[in-house]
Amino acid sequence: MKKAMKGNISLITGSVMVAITFSLLILSFIWTPHDPLEVTPDDSFAGISSKHFLGADKLGRDILSQIIVGSRVTLLVAALAVTIAMTLGVSAGITIAVASRKLQAPMVYAVNIALAFPAALLAIILAAVYGASTLTAVSAIGLATAAAVAQVTRRTAYGILASDYVLAAHACGASTWRIIRKHVMPNLRASLLIQASAVVSVSVLAESSLSYLGLGTPPPAPSWGRMLAGSQQYIFVNPLLAIWPGIAIVIVVLGFNLVGDGVREVFDPTLRRSDS
Amino acid sequence: MNIVVFGARRLFLFISSLVVSSAIVFSMLRLLPGDLAQAKLGIQATPEALATLRHELGIDRSLIAQYWDWLSHALHGDLGISILSGADITAEIAQKATVTVPLVIMASVLAVLVSIPLGMYAALRYRRMDGVATSAMSQFGIAVPTFWTGLLISTFFAVAWQVLPAGGFPEGGWSEPGIAFKSMALPVFTLALGQGAVLMRFARSATIDTLQQDYFRTARATGLTRVQALRKHGVRNAMIPVISVLGMQMATLIVEAIIVENVFALPGIGQMLLQDVNNRDLLKVQGIIAVTTSIVFFVSFLVDLVLGFLDPRVRQSA
Amino acid sequence: MNQPLLEAINLSRTYKLAKGSAGKGKAFRHALVEMNLSINTGDRIGIVGESGSGKTTLVRLLLGLDTPTSGSVEFKGQTLISGKMPWLRKDVQIVFQDPRSSLDPRMKISEIIREPLVCLGIDEDHDARIDEVLDSVGLERAMRDRYPHELSGGQRQRVAIARALAPRPGVLIADEPVSALDVLVRDQILELIAQLTDKLGLTLILVSHDLSVIARLCNRVIVMKDGAVVESGNTREVFDRPAHEFTRALIGAIPRLPESL
């Protein structure tokens, strides 16, 4: 009981943080205090004021407006990457799990090799070839995390396929396809939810790191990582510039991590067993 | 399984992974729209000049022949010559590695040393406020991007309090050990903080498992206190997942090191890699990626061996 | 004599062990060695043996859930191959040992019982059939919309029996059907299996490590040890005059109240 409560606390805190993030996204389409790209030299490095709630950067651009609009790139990259990673990763993971033993070994081998290329490294390679863009960042993050998703999905699916209820389904004459659809997928659902939230966190971290390194979405579209990179030079002049975008990133990442943890605690099958 | 057979299998896996992954990187970098010669000479180059340069660079031959050529040289430690600067790539990587390798090693050691006791503490007190606070700290540590930690740490330690340098590395490298260590301190700390937070979670859950094991209860029943019993059984049990996770995290750790080098302006492999990416020096990028992935595969090979030695069950499941 | 209903012919199954736990070379475990068995319509056969004697392997082979290393299984003269085999599954159904693991936790009871009806393409009103089998195993129809974890162990095993009976099989295989249950529930489930066998005229294959369970339900018994049959015959005769030392040991293991009580 206590454990379930703790899970709910993670879930609630996480959901609130995720909700804040999505509110920023929606707000970015409706209203921002200023045009995020509007340059007002008079406001250069303005502090917190009623005009600029979070201050302004060197060019006098409003920080709050940039943070609100910056949520677009962050969440766009995360949404696309999570779509790629889950689609590829889950289908690969299940395929490997149901494949014959002889076919399994080379596929597991391929996944292990893919795991040696984390998102940022792959993004660096793609940036070297095609030049950095949102597309290279998305593809790199999506492909790299797909390998991790495939790995976890394979293990979980393997456990499900070895279960008695799948054996019972075979005895009922169920086809492999039906077993995947009716038994494997529903029992994977909690694990997939946890993985998807982890992929979002990883994507947001990777996207902000790439933007920081100048390998993400190119200017002028505001991005949290690039805002932080820009703040580094002027950290003496206005240290607050190095705080706000970082907090935004932490809220998103922590939010999705906590939701994942909460789901894990709530769905843990050992906790859902009846008390018999 | 026999430890020798196990080792031999892992060695084969390690070497074949190197070949396969380098082939993938090679072909990815050759898929460049346009080609190396074009990239070097620009769009105004005459077709003749392009052809000559292509021949000189050996890129008019088949992809497989080129890869074979590159691989056989690479195996002799020759990664070629930078197309842009003309410098020997192997020598340059070796020189920059004197910064990156110590950075990664020191950060790993620090992360392990901090995460195991903290994880065990969080496990022991997991129903109390301080235990929960410790694990909340690690949650937070995982969610903070490394470059931001670096930025904040350099602001406080270097700029505000001026205790340690915010960046750079002495010209003379490790021949000036005092300054070198000082410039390494903040980057190592930054890198270890992120990794330690990840490792701590695994140490914590391994310890919670140990606390529920029968042999642990037996040890408690013989009169040992929880801490004594944990010292006897828990450390080893916490170490196994921490070491294996560290092995799996090596690729991520190297990427983080690349980022940290850029935050603290450390002249290591990571900083060089980013310059080469911006310059589109593909042969050099390829060399650097080949070296870093080799390190990743080598570390996971070592970790497998160590775990196979520590835990006979690992040998079985190979 | 007529052709037997279900027949095992020189059936062997060898497992390759996780590589070389015994040292060098490949290690094998012979789970079943040259087994011959024939079951006729209406038989009630008990298969008894210790854990590891090959009982479960035999069951899986008889159901075509595993492929023999050598030998074959024939049902009504037709050899079992791997695959769906609806002709076999419509007629041979199984109840597994542990209903906590043999029922999919994410499926409602009605979906669980519906599975064989759908997969085997049973041409009948599925909902009506589900209600019917729920009645016959003594579960309320209201259980249809429950999930397995909301049921007790005994109720879950009744669901497993209902699922097996749904496609109207002629042969019921029960693999240790009560060993995962509480002692008090065991009797009820055994009683239910006995009743249904009588009422539906089933051919029963009951696997157990406990001779007393078999003595209650079966007229024939097969004693297995190390993947081979050591003794078989009429249950009464085997009990009264056990020929093999191992059988005597098994009979001796049935708990009895001390005479003095």
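As the structure is a computational prediction, the values presented were derived from the model and not from experiment. Below, chain A is the first sequence line, B the second, and so on; all start at residue 1.
Among residues two or more places apart in sequence or in another chain, the ring-ring contact (aromatic ring centres under 6.0 Å, His included) test is passed with B:Tyr67 by B:Phe26.
Of the listed residues (B:Thr252, B:Leu151, B:Leu152), the greatest number of heavy-atom pairs within a distance under 4.5 Å of chain A belongs to B:Leu151. Among A:Ile243, A:Asn112, A:Leu115, A:Leu122, the residue with the largest count of heavy-atom pairs under 4.5 Å with chain B is A:Ile243. Here A:Gly131 is the residue among A:Ala132, A:Ser201, A:Gly131 with the most heavy-atom pairs under 4.5 Å with chain B. Chosen from A:Ala127, A:Ala110, A:Ala116, the residue pairing most often with chain B at heavy-atom distances under 4.5 Å is A:Ala116.
Side-chain atoms of B:Trp148 come within 3.5 Å of backbone N or O of A:Ala242 as a donor-acceptor pair.
Using a 4.5 Å cut-off between heavy atoms, B:Val285 contacts chain A through its side chain alone, with no backbone atom that close. The contact between B:Ile142 and chain A is made by backbone and side chain atoms together, counting heavy-atom distances below 4.5 Å. Contact of A:Ser208 with chain B is made through backbone and side chain together, with heavy-atom distances under 4.5 Å.
Residue B:Phe297 places its CZ atom among more than 12 non-hydrogen atoms of other residues, nucleotides or ligands, all under 6.0 Å distant.
Taking each heavy atom of B:Ser17 and A:Ile113 in turn, the nearest pair found is CA-CD1, 4.0 Å. Pairing each heavy atom of A:Tyr109 with each of B:Ser16, the nearest pair is OH-OG, 2.6 Å. The heavy-atom pair separating A:Ile125 from B:Val25 by the smallest distance is CD1-CG2, 4.3 Å. For the residue pair A:Phe117 and B:Ile289, the shortest heavy atom distance occurs at CE2-CG2, 4.1 Å. Annotation for A:Leu258 and B:Gln139: closest pair CD2-NE2, 3.9 Å, computed over non-hydrogen atoms. Here the closest non-hydrogen pair linking A:Ala120 and B:Val255 is CB-CG1, 3.2 Å.
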Pair up each side-chain donor or acceptor in residues 244-254 of chain A with any protein partner under 3.5 Å, not counting sequence neighbours, and list the distances.
unit_1   : atom_1 : unit_2  : atom_2 : d
A:Trp244 : NE1    : A:Leu54 : O      : 3.3

List the steps and the verdict of side chain to side chain contact (heavy atoms under 4.5 Å, CB included) for B:Phe147 and A:Leu213. CA-CA 9 Å; B:Phe147 67 91; A:Leu213 296 175; over 6 Å; no
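Put simply, the side chain of B:Thr146 does not reach to within 4.5 Å of the side chain of A:Leu205, judged on heavy atoms. Taking the side chain as every heavy atom from C-beta outward, A:Leu215 and B:Leu274 approach each other to under 4.5 Å.
A distance of 11.0 Å separates CD1 in B:Ile258 from OG in A:Ser209, rounded to the nearest 0.5 Å. Of the inter-residue distances, the one linking A:Leu121 atom CG with B:Thr293 atom OG1 reads 7.5 Å to the nearest 0.5 angstrom.
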